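Everything below concerns the one structure shown next.
So you know, we letter chains A, B, ... as the sequences are listed, proteins then strands, and number each from 1. Every value quoted in this text rests on a predicted model; they were computed, and no experiment measured them.
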Protein chains: 2
Amino acid sequence: MKKYGETVRRIREQKGYTMQQLAEGILSVSFLSKFERGESDISLSYIIRLLERLSLTFEEFFYLHDSVGPGELEHFFDKANEAYVNRDLEQLTQLRKIALDKWEIHGLETFRCNLVMLGVYECIIRGEKTTSTGDSLEFLYAYLFEVEIWGYYELRLYNSTMFLMPPEMVITLSKNAFEKSSRFGKLKKTDKTIIAILMNTLTYMMGGAVPYVEQYKVFLGYLESLDIPEDDLYIRNTQLQIKGIYEIKIGNRVKGIDMVQKTISIFTDLGSNELAATAENYLNIVLDEKK
Amino acid sequence: MKKYGETVRRIREQKGYTMQQLAEGILSVSFLSKFERGESDISLSYIIRLLERLSLTFEEFFYLHDSVGPGELEHFFDKANEAYVNRDLEQLTQLRKIALDKWEIHGLETFRCNLVMLGVYECIIRGEKTTSTGDSLEFLYAYLFEVEIWGYYELRLYNSTMFLMPPEMVITLSKNAFEKSSRFGKLKKTDKTIIAILMNTLTYMMGGAVPYVEQYKVFLGYLESLDIPEDDLYIRNTQLQIKGIYEIKIGNRVKGIDMVQKTISIFTDLGSNELAATAENYLNIVLDEKK
DNA sequence: TATTTTTTTCTCATATAGTGGAATTTGGTC
DNA sequence: GACCAAATTCCACTATATGAGAAAAAAATA
């Protein structure tokens, strides 16, 4: 028991509520007192109603409680991806050690998946053949193939490993991810990850020498069906970029370059220089291979 | 008790876990069974650990439970603002009725604030003098002046009512909002609302015939201190717009118009036509009053 | 300071959250 | 269908969450 009650007290007092006011119709004042003093745990149904009355989301509540911001999950994937991008072997090893502990203690599939992901990252950075972890990569694939509800965890896991997979697998899993997570439609964080996956899938489809034109159209359809809000300029801009690359690939060179240039100039105008550089770089790669 | 256990069961089964695996080290299998069958409530500490093991956030969990997406709060403000913008009196009355009930039952300040806000919206749309609700508007102000922790609720409440306030009050409260909510720094939703408030404040500062130049600079400093991520193009673009308006106001007409035009063209390029129209409209108003 | 009123804590009683292990069901194998 | 193993439920029991009301403390009023 982590004494969540004490946090409730802090908040209640800062809102100037008496215990009576907070408890009214929910639970007894005497129990609230005990809970707030950290002398008792509280049932889910009760804390839900208390937080509602304090007009506080669970997210805020936990944040106020221990200042641990983005949930452990989000944090884990952010760290892992960061370590990979920066080729930071030390951090990767550290993360892997933690993941190994968890896997050894609980033996749950998710922990093993995390472990596999980190292992593969390490191999790639070290420049080793990944055959040593070959079978465990299969394990991760198997996990994703069997998922029935794609929650935030699965989406992030997939998004972090799809670049390792063969095209057919990407096509199947991206479809799954899109279709089997639609029930989260209203949750921003999940929504954002789905969009990221679709973007990556589209980029992937355009990646090889022989682009998957048909599949590309399907995924573009998915993306457009999401009805991206007007103020989500980043996604709209990236969408423009991907469409531009597509045009180049199918031969409409001038039109395509024009579109991508627009993407880049928008990034530049808004001072997002790193993003501009990345986009420019990508454009050059595509143009080079066309020669 | 809303049978949250049944939702846990669904998720557990879809993840292919046995009760043994989920319960291991957290609680007994027999109790988990009871809980999952909806025959018992569960303590906060336990459900936290279960969800952690299921790699599910509370947000996702509640969403899977009852499909009620964005928390009640977010939903309330979204609805209220929507009704106001669309001048939808019917919806406003409906919201007001619900708010009135809550206020009568619980007598909590927050419910009264909601009530006041809706009441003022209605008066404005009806074109009535707001003197009838005059004193209750004071109540809302008093509430915001006394807040010590600006959570999501307070930020939204303020953001929805600041346009009714005199300049001095806006200056003070916007400062409060910024300083007293910084502890939520890592929570996206809160962060986004703070940014919205700063943007509105800046717009407000530029609004009158005699702009509050000094204050403007202070708030712009706040906004820039937030270190807006490169991929938050909407905010960056709006920032550009506000800076442009500022330049116009202080006399650098050509430079300012140029900046705002850039904002508009970015919106247009990305197909955000409504936003483009709004920005254009605003620019014209500013230009007109300068004549 | 004494008195009244409001708010919080304490004591004890009860309901219910949570455990261990036996009994039952489920699912696969012969 | 009988048998086995794993997974789940049931049952008796314990620990603890929660309630009612008295006692104590704090705040307000005189």
Between A/Glu146 and B/Lys15, is there a side-chain N and carboxylate O pair less than 4.0 Å apart? no

Where do N or O atoms of nucleotides 8-14 of chain C meet protein N or O atoms at under 3.5 Å, pair by pair?
unit_1 : atom_1 : unit_2  : atom_2 : d
C/dT8  : OP1    : A/Arg12 : NH1    : 3.4
C/dT8  : OP2    : A/Met19 : N      : 2.9
C/dT9  : OP1    : A/Arg9  : NH1    : 3.4
C/dT9  : OP2    : A/Arg9  : NH2    : 2.8
C/dT9  : OP2    : A/Ser33 : OG     : 3.1
C/dC10 : OP2    : A/Arg37 : NH1    : 2.7

Considering all heavy atoms, the nearest A/Ile194-A/Ser181 contact: CD1-OG, 3.0 Å

Can you measure A/Leu44 atom CG to D/dA17 atom P for me and round it to whole angstrom units? 14 Å

note: A/Ile47, atom CD1; D/dT18, atom C1'; distance rounded to Å ~ 14 Å

Could you give the CG-to-P distance, from B/Asp41 to D/dA17, as a whole number of Å? 12 Å

Whole angstrom value for the distance that separates C1' of C/dA17 from OH of A/Tyr46: 11 Å

May I ask you to verify if any side-chain N or O of A/Ser43 is less than 4.0 angstrom from the OP1 or OP2 atom of D/dT18? yes

Does A/Phe77 have its ring centroid less than 6.0 Å away from the ring centroid of A/Tyr84? no

Please check the phosphate of C/dT16 (OP1 and OP2 only) for any side-chain N or O of B/Ser40 closer than 4.0 Å. no

Looking only at atom types and distance, does a side-chain atom of A/Arg12 sit under 3.5 Å from a main-chain N or O of A/Tyr17, one as donor and one as acceptor? yes

Can you confirm if the aromatic rings of A/Trp150 and A/Tyr158 lie within a centre distance of less than 6.0 Å? yes

How close or far is atom C1' of D/dA7 from atom CG of B/Leu22, stated in whole angstroms? 14 Å

If I take atom CG in residue B/Leu27 and atom C1' in nucleotide D/dT14, what distance separates them, rounded to the nearest angstrom? 16 Å

Scan the side chains in residues 26-35 of chain B for donor-acceptor partners under 3.5 Å anywhere in the protein, sequence neighbours excluded, and list what turns up.
unit_1  : atom_1 : unit_2  : atom_2 : d
B/Ser28 : OG     : B/Ser30 : OG     : 3.3
B/Ser28 : OG     : B/Phe31 : N      : 3.1
B/Ser33 : OG     : B/Arg37 : NE     : 3.2
B/Ser33 : OG     : B/Arg37 : NH2    : 2.8

Once you apply a heavy-atom cut-off of 4.0 Å, does A/Phe35 come out as touching a base, just sugar-phosphate, or nothing? nothing

Nucleotide D/dG19, atom C1' - distance to CD1 of A/Ile42 in whole Å: 13 Å

